[in-house]
Structure formats: C-alpha cells, structure tokens
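All remarks here apply to the structure that follows.
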Amino acid sequence: KRFIFAESKWELLKEANCPVVLVRDEAKPQRKVVLAAVNFQASRINQEILNKNILERGMNLAESYGADFHVVNAYIDSLLYPDRGRLAKQTGLKQSNTHVVKGYTDEVIAKVAKKLDADVVIIGTLGQTGLTKTRRGNTAERVISALDVDVVVVNSEY
C-alpha cells in the first residue's frame with residue numbers, strides 16, 4: 001500500500017528535527033538492502049548538508065543491519081550529470097553500489113529500489129514551505145508516494 005498523508009502529516013515530515021521512519025505493515029524483520037537517495041549535482045550548501053545527513057543515516061542503518069548499502073542519484077539533464085568521483089569518494093562505495101540514472105527523481109528511486117529489492121530507502125527533504133513549496137513542489141512527497149518499501153525521511157536541519 002502506498003503512503004497517503006494529509007497536509008498536516010507532510011508538514012510534520014518536513015519540519016521534524018530528527019529522522020522520521022515510515023514503516024509499512026509488510027516490513028521485513030531483517031533489512032538486507034539499504035538505499036540512500038542523494039542529489040550530488042546540487043550546489044547549494046543546504047543540499048550538500050542534506051546529502052551528508054542522508055549518507056550518514058544510510059551507512060549507519062546498513063551497518064547496524066549488516067545490510068548492503070547502495071546510493072542512487074537521479075538527474076534529468078546530461079549537462080547536470082552528478083560528479084561520480086565525488087560520490088564515490090564521499091561514500092567509499094564500489095561502482096556497483098552507486099546508481100546514477102537519468103529520469104525524474106521519484107521514478108528513478110522507485111525503479112532502483114525495486115531492482116535492488118531494497119528493504120528501506122533513505123530520502124531527504126529541505127523542509128520547503130510557503131512560496132518555495134508552491135513554486136517547486138515537493139520531491140519528497142512524490143518519492144514517498146512512488147515507493148512500496150519503508151522510508152526514512154531526513155531533514156537538512158537534523
């Protein structure tokens with residue numbers, strides 16, 4: 001079943017000062033694959049902080065579960081192709097565990113999660129509100145709606 005939330009619950013996810021775990025009824029007791037979704041082509045400092053928080057949370061979860069750790073980065077325009085070298089350096093992962101895929105963020109993350117049979121996906125939100133939210137939409141909402149697995153939502157502020 002897909003997560004469906006009222007606006008007040010989305011606000012809670014965006015404003016939480018700690019990671020929020022969304023667990024599905026069918027959650028597996030043993031986590032074997034942890035997938036972290038990052039945006040390495042972004043250049044704003046708050047997105048860089050968010051990437052760092054997502055990676056730290058993902059690595060910690062994978063280590064505590066003894067799970068494989070993977071990272072996914074979606075991109076739309078080949079001119080904004082993420083820096084794979086920086087991604088490899090910051091994650092320490094081998095190439096087979098990094099997935100840089102062209103497409104819309106929600107579709108790419110859902111596709112990679114399904115391909116890997118991920119048990120949990122770590123995503124981030126910048127907690128956008130007001131005019132910024134209405135102009136840009138909320139990628140986290142689309143990603144959560146596209147996934148059929150447990151999700152950890154991390155904010156840039158935590």
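These numbers come from the heavy atoms of this one structure, side chains and all, not from hydrogens, waters or symmetry mates. Everything quoted here is computed from the prediction, not taken from an experiment.
- With rounding to the nearest 0.5 Å, the separation of CD1 in Ile123 from CG in Leu50 is 9.5 Å.
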Apply the test side chain to side chain contact (heavy atoms under 4.5 Å, CB included) to residues Arg31 and Leu61: give CA-CA distance (whole Å), side-chain angles for both, the deciding distance (0.1 Å), then the verdict.
CA-CA 9 Å; Arg31 309 297 182 143; Leu61 275 176; over 6 Å; no
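- Thr125 has its side chain out of reach of Glu141: every pair of non-hydrogen atoms, C-beta onward, lies at least 4.5 Å apart.
- A search for side-chain contact (heavy atoms from CB on, under 4.5 Å) contacts involving Glu48 returns Ile45, not counting sequence neighbours.
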Just do the side chain to side chain contact (heavy atoms under 4.5 Å, CB included) check on Arg44 and Leu126 with the steps written out, would you?
CA-CA 11 Å; Arg44 294 179 312 181; Leu126 293 170; 3.3 Å; yes
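- Nearest heavy-atom pair across Leu35 and Ala118 is CB-CB, 4.2 Å.
- For the pairing with Leu22, the side-chain contact (heavy atoms from CB on, under 4.5 Å) check across Ile144, Val152, Asp150 returns one residue only, Ile144.
- Counting only heavy atoms from C-beta outward, the side chains of His70 and Val112 never approach each other to under 4.5 Å.
- Minimum interatomic distance between Ala146 and Ala110 (heavy atoms only, all atoms of both residues): O-CB, 3.6 Å.
- Around atom CD of Gln95, no more than 12 heavy atoms belonging to other residues, nucleotides or ligands sit under 6.0 Å away.
- By the criterion of side-chain heavy atoms lying less than 4.5 angstrom apart, applied directly or through intervening Ile, Leu, Val, Met, Phe, Trp or Tyr residues, Val120 is grouped together with Val21 in one hydrophobic cluster.
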For Gln47 and Asn51: C-alpha separation, side-chain torsions, deciding distance, then whether side-chain hydrogen bond (donor to acceptor under 3.5 Å, both in side chains) applies.
CA-CA 6 Å; Gln47 182 64 56; Asn51 285 336; 3.2 Å; yes
Between Thr139 and Tyr104, does the side chain to side chain contact (heavy atoms under 4.5 Å, CB included) criterion hold? Intermediate values first, please.
CA-CA 10 Å; Thr139 305; Tyr104 292 107; over 6 Å; no
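- A pairwise comparison of heavy atoms in Ala140 and Gly124 identifies CB-O, 4.0 Å as the closest pair.
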side-chain hydrogen bond (donor to acceptor under 3.5 Å, both in side chains) between Gln41 and Asn73, worked out:
CA-CA 9 Å; Gln41 62 272 37; Asn73 192 131; 2.8 Å; yes
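- One finds the CD atom of Glu107 at 11.0 Å from the CD1 atom of Ile109 (value rounded to the nearest 0.5 Å).
- Distance check: Leu93 CG to Asp68 CG gives 10.0 Å after rounding to the nearest 0.5 Å.
- What you find for Ile54 and Ala37 is that their closest heavy atoms are CD1-O, 3.4 Å.
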Thr105/Arg142 under side-chain hydrogen bond (donor to acceptor under 3.5 Å, both in side chains): CA gap, chis, key distance, verdict
CA-CA 8 Å; Thr105 304; Arg142 292 191 313 273; 5.7 Å; no
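- Applying the side-chain contact (heavy atoms from CB on, under 4.5 Å) criterion to Lys94, with sequence neighbours excluded, gives Ser96, Asn97.
- The cluster map of Ile, Leu, Val, Met, Phe, Trp and Tyr, joined by side-chain heavy atoms under 4.5 Å apart, puts Leu80 and Phe40 in different clusters.
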Apply side chain to side chain contact (heavy atoms under 4.5 Å, CB included) to Gln30 and Asp119, showing your working.
CA-CA 8 Å; Gln30 176 61 39; Asp119 301 298; over 6 Å; no
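- Cluster membership for Val23 and Ile122, using ILVMFWY side-chain heavy atoms within less than 4.5 angstrom, is shared.
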